[in-house]
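Here's the structure we're looking at; comments come further down.
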Amino acid sequence: MDFLEALEWRYATKRMNGKSLPEGTLERILEATRLAPSSYGLQPYTIKVISDRSLLERIHEDAAPQPQVKECSHLLVFATKTDLDDSTVDHYIELAATERGVAIADLNGFADAIKGTIKGLETAADKQAWAAKQAYIALGFTLAAAAIERVDASPMEGFDPAALDRVLRLNEDNLSSVVIAALGYRDTAEDRMANMPKVRRSLSQLIQRV
């Protein structure tokens, strides 16, 4: 299946059948997520991958009452860093220097540019919004990779972030949930949307060439 066919096939699945993803399939989706672009390459987020049934039940009960949460194979929780500061950048620069075989001093200008961007985000809410934008880019890559693998993926915002943070104790890692995605396989008998045509604006309505 080519990319456009995969995107035509995918939809935000409302009901899943509980079947587990093969490990290799999951790893390919997660690797695509890892390779997603982010501003400066900083990736100011962590992705929790949850498959434990009892934990999924608790998340469904306390924070996210959508059926996909307890019917999926894996739930991905995209959580942004709440402690974005110079040390975040320093750790990233150390990694960049190691991966590229250069001295840290050679990346001082790059580091200063990132730190300047973060300092320009004056409030915690500003930092959260900036980090969330990066997480959503990764989410997009997750959805596309899942479609290529013929895996259903349901992105969801309709959950209680504070409750989810408590269930997963995200504050202990200076993280805050921003969006979740359920991975699994559609239950065509239970999901009334499974065979519905995809509704999108036409290219001529959506795209303006200038």
Side-chain angles (χ1 to χ4, degrees), residues 3-4 6-7 10 26-50 74-149 153-162 164-166 168-181 183 203 206-210:
F3 188 52
L4 290 182
L7 295 184
R10 77 153 303 278
L26 175 64
E27 291 304 315
R28 286 190 294 274
I29 294 171
L30 295 178
E31 179 64 3
T33 305
R34 185 183 75 87
L35 293 173
S38 70
S39 185
Y40 301 108
L42 191 62
Q43 295 176 298
Y45 50 81
T46 293
I47 302 159
K48 300 283 187 177
V49 182
I50 303 160
H74 294 77
L75 184 71
L76 275 54
V77 177
F78 293 76
T80 54
K81 290 176 62 66
T82 58
D83 59 345
L84 281 176
D85 56 19
D86 285 357
S87 66
T88 305
V89 180
D90 291 337
H91 290 143
Y92 174 63
I93 292 298
E94 289 173 8
L95 175 62
T98 299
E99 291 293 318
R100 294 176 175 173
V102 300
I104 290 177
D106 293 340
L107 299 175
N108 283 345
F110 183 41
D112 289 343
I114 305 174
K115 290 176 181 178
T117 294
I118 292 175
K119 284 185 173 66
L121 304 169
E122 297 181 355
T123 68
D126 291 337
K127 291 180 180 179
Q128 170 78 351
W130 181 79
K133 289 178 182 178
Q134 315 311 313
Y136 271 82
I137 295 172
L139 171 66
F141 272 62
T142 302
L143 302 181
I148 287 289
E149 295 288 338
S154 296
M156 290 177 275
E157 291 182 316
F159 65 96
D160 183 337
L164 183 56
D165 292 356
R166 286 194 299 271
L168 298 179
R169 301 167 69 176
L170 294 181
N171 63 306
E172 296 180 7
D173 296 320
N174 297 312
L175 295 171
S176 178
S177 57
V178 293
V179 67
I180 62 179
L183 300 180
L203 273 177
L206 181 66
I207 307 298
Q208 295 184 351
R209 302 177 188 273
V210 295

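The structure presented is a predicted model; accordingly, all values stated were derived computationally and were not measured.
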Can you give the donor-acceptor pairs under 3.5 Å from side chains of residues 35-45 to other protein atoms, not counting sequence neighbours?
unit_1: Ser38; atom_1: OG; unit_2: Leu42; atom_2: N; d: 3.3
unit_1: Ser38; atom_1: OG; unit_2: Gln43; atom_2: N; d: 2.9
unit_1: Tyr40; atom_1: OH; unit_2: Thr117; atom_2: OG1; d: 2.5
unit_1: Gln43; atom_1: NE2; unit_2: Arg34; atom_2: O; d: 3.0

Output side-chain donor-acceptor pairs under 3.5 Å for residues 74-83, partner residues at least two apart or in another chain, one line each.
unit_1: Thr80; atom_1: OG1; unit_2: Gln128; atom_2: OE1; d: 2.7
unit_1: Thr80; atom_1: OG1; unit_2: Gln128; atom_2: NE2; d: 3.4
unit_1: Thr80; atom_1: OG1; unit_2: Ser176; atom_2: O; d: 3.4
unit_1: Lys81; atom_1: NZ; unit_2: Asp83; atom_2: OD1; d: 3.2
unit_1: Thr82; atom_1: OG1; unit_2: Asn174; atom_2: O; d: 3.1
unit_1: Asp83; atom_1: OD2; unit_2: Asn174; atom_2: ND2; d: 3.2

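With contacts defined as side-chain heavy-atom distances shorter than 4.5 Å, the pair Arg100/Leu95 does not qualify. No side-chain heavy atom of Thr46 sits under 4.5 Å from any side-chain heavy atom of Asp173. Residues Pro161 and Val178 have side chains not in contact (no heavy-atom distance under 4.5 Å, counting atoms from C-beta outward). Side-chain contact check for Thr88 versus Tyr92: every heavy-atom pair is 4.5 Å or farther apart. Put simply, the side chain of Asp160 does not reach to within 4.5 Å of the side chain of Asp165, judged on heavy atoms. Here the side chains of Leu175 and Asn171 are not in contact, with every heavy-atom distance at 4.5 Å or above.
Contact between Leu139 and Pro155 at its shortest, heavy atoms only, is CD2-CB, 4.1 Å. In terms of heavy atoms, Thr142 sits closest to Thr33 at OG1-OG1, 2.7 Å. Listed here is the closest heavy atom pair of Ala97 and Ile104: CB-CG1, 3.8 Å. Nearest heavy atoms, Leu164 versus Phe159: CD2-CE1, 3.6 Å. When all heavy atoms of Leu107 and Ala96 are compared, the closest pair comes out as CD1-CB, 3.9 Å.
Thr98 pairs by the side chain to side chain donor-acceptor pair (under 3.5 Å) definition with nothing, not counting sequence neighbours. Among residues two or more places apart in sequence or in another chain, the side chain to side chain contact (heavy atoms under 4.5 Å, CB included) test is passed with Ala32 by Ala145.
The salt bridge (Lys or Arg N to Asp or Glu O under 4.0 Å) pairs that include a residue from residues 116-127 are Asp86-Lys119, where partners are two or more places apart or lie in different chains. Sorted by first and then second residue, the salt bridge (Lys or Arg N to Asp or Glu O under 4.0 Å) pairs with a member in residues 87-99 read Asp90-Lys115; sequence neighbours excluded.
Considering CZ of Arg166 and OG of Ser177, their distance stands at 10.5 Å, rounded to 0.5 Å.
Heavy atoms of other residues, nucleotides or ligands lying less than 6.0 angstrom from CG of Leu206 number more than 12.
Proximity of a side-chain donor or acceptor of Arg10 to a complementary backbone N or O of Ala153 within less than 3.5 Å is detected.
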Report the C-alpha separation of Val49 and Leu183 in whole Å, then their side-chain angles, then the decisive distance to 0.1 Å, and conclude whether the side-chain contact (heavy atoms from CB on, under 4.5 Å) test is met.
-> CA-CA 10 Å; Val49 182; Leu183 300 180; over 6 Å; no

